[in-house]
Amino acid sequence: MSIRRSTKSRRAVAAVSLTAALALAVAGCGTDGGGKTDDAGSSPSSAPSKSPDGGKKAKQEDTAAGDNVDPNVNLAEVRGSGLTLVINQVRRDSGGFVTVQGTIKNVSDRTQNSSSWAGTESAVANSNANSVAGATLVDKAGKKRYYVLRDTENRCLCTTGITPLSAGESTPIFMQFPAPPSTTTEVDFTLPTFATTSLKISG
């Protein structure tokens, strides 16, 4: 009689233990799955970190869009045929380039086009129609001329697709050049059809 009761007791304990183990295993699987979803969806630790290159790219895009540029700052003003170019910013960036930003305004009483601003170099002009790809910087002290940065297909790192400007209309522009040596703080800037002007580099 006691042997039967002892056997039954052991079986009961084993069954309870097995049930508890299965319950913990199921609960564990559910927690793992839920944890992964929460991490991917809301956990700060799962958010992708910004690489230095990614930050640099974002910075370049912000620059291209004209963010953080005060249009009321007038570093230089040059005139063309019925047009005025105001330079708002000339900044040296850590990536090894200089960004020039400004605004071109049509001060005449007729529509002005931008076809000449791409320059006379056919390979560049053809790849960057209606752009400011023809701009240059000249480091007189270093006796070196800098052209707008381009990719392998001659597409410029500058404003492109500029539509004809009606009387009184203006358009923001930007250009990025290779940076002169850090000792160079002043350069001559030229955009086709406009007079040359001297610019001081900040940053």
*What closest approach, in Å, do S198 and A76 show between heavy atoms, and which atom pair accounts for it?*
O-CB, 4.5 Å
*To the nearest 0.5 Å, tell me how far L191 CG sits from S116 OG.*
9.5 Å
*Pick out which of I173, V100, T103, N74 makes a side chain to side chain contact (heavy atoms under 4.5 Å, CB included) with N88.*
T103
*From T193 OG1 over to R79 CZ, what is the distance, rounded to the nearest 0.5 angstrom?*
13.0 Å
*Take D188 and K140 through the side-chain contact (heavy atoms from CB on, under 4.5 Å) test and state the conclusion after the steps.*
CA-CA 8 Å; D188 283 348; K140 290 188 293 185; 3.3 Å; yes
*Determine, using the 4.5 Å side-chain heavy-atom cutoff (strictly less than), whether F194 and V107 are members of one ILVMFWY cluster.*
no
*Look only at the side chain of N128 and the backbone of N154, and say whether a donor-acceptor pair between them is shorter than 3.5 Å.*
yes
*Indicate if F174 and L85 have the same hydrophobic cluster label, given that clusters are the connected sets of ILVMFWY residues with side-chain heavy-atom separations under 4.5 angstrom.*
no
*Shared ILVMFWY cluster between V187 and I87, side chains joined below 4.5 angstrom?*
yes
*E153 versus S127, side-chain donor and acceptor atoms under 3.5 Å*: no
*Mind running side-chain contact (heavy atoms from CB on, under 4.5 Å) on I162 and I104 for me, showing each step along the way?*
CA-CA 11 Å; I162 303 172; I104 296 176; 5.7 Å; no
*If you take all heavy atoms of S131 and A133, which pair is closest and at what distance?*
OG-N, 3.2 Å
*Parallel, tilted or perpendicular for F177 and F189, by the 30°/60° rule?*
perpendicular
_So does S81 get a backbone contact from the side chain of Q112, meaning a donor-acceptor N/O pair under 3.5 Å?_
yes
_Chi angles and distances behind the side-chain contact (heavy atoms from CB on, under 4.5 Å) call for N106, L83_ = CA-CA 5 Å; N106 181 358; L83 297 161; 4.0 Å; yes
*Between Y147 and V132, is there a shared hydrophobic cluster once you connect ILVMFWY residues whose side-chain heavy atoms come closer than 4.5 Å?*
no
_Minimum heavy-atom distance between G134 and P192, given as atom pair plus value_ = O-CD, 3.5 Å
*Distance in Å, R145 CZ paired with D139 CG, rounded so as to fall on 0.5 Å steps*: 11.5 Å
*Could you pull out the closest heavy-atom pair between R92 and V98, with the gap in Å?*
CA-CG2, 4.2 Å
_D93 side chain reached by T99 side chain, heavy atoms, under 4.5 Å_ = yes
*asked:* With a 4.5 Å cut-off on side-chain heavy atoms, are T159 and M175 touching?
replied: no
*Grab the two heavy atoms, one from V148 and one from C156, that are nearest each other, plus how far apart they are.*
CG1-CB, 3.9 Å
*asked:* Any heavy-atom pair between the side chains of K105 and V86 that's under 4.5 Å?
replied: no
*Do T84 and E77 pass the side-chain contact (heavy atoms from CB on, under 4.5 Å) test, and can you show the C-alpha distance, the side-chain angles, and the key distance before you say yes or no?*
CA-CA 7 Å; T84 298; E77 183 173 328; 3.5 Å; yes
_Side-chain touch K144/T184, heavy atoms, less than 4.5 angstrom_ = no
*Calculate, to the nearest 0.5 Å, the distance between atoms CD and CG belonging to Q89 and L75 respectively.*
8.0 Å
_Among T197, T196, V138, side chain to side chain contact (heavy atoms under 4.5 Å, CB included) partner for T190_ = T196
_Less than 4.5 Å apart, side chain to side chain, heavy atoms only: is that true for P180 and I201?_
yes
_Could you tell me if the side chain of N130 sits less than 4.5 Å from the side chain of T163, heavy atoms only?_
no
_Side chains of S170 and L165, heavy atoms from C-beta outward: is any pair under 4.5 Å?_
no
*Establish whether F97 and Y146 are linked, either directly or via other cluster members, by ILVMFWY side-chain heavy-atom contacts under 4.5 Å.*
no
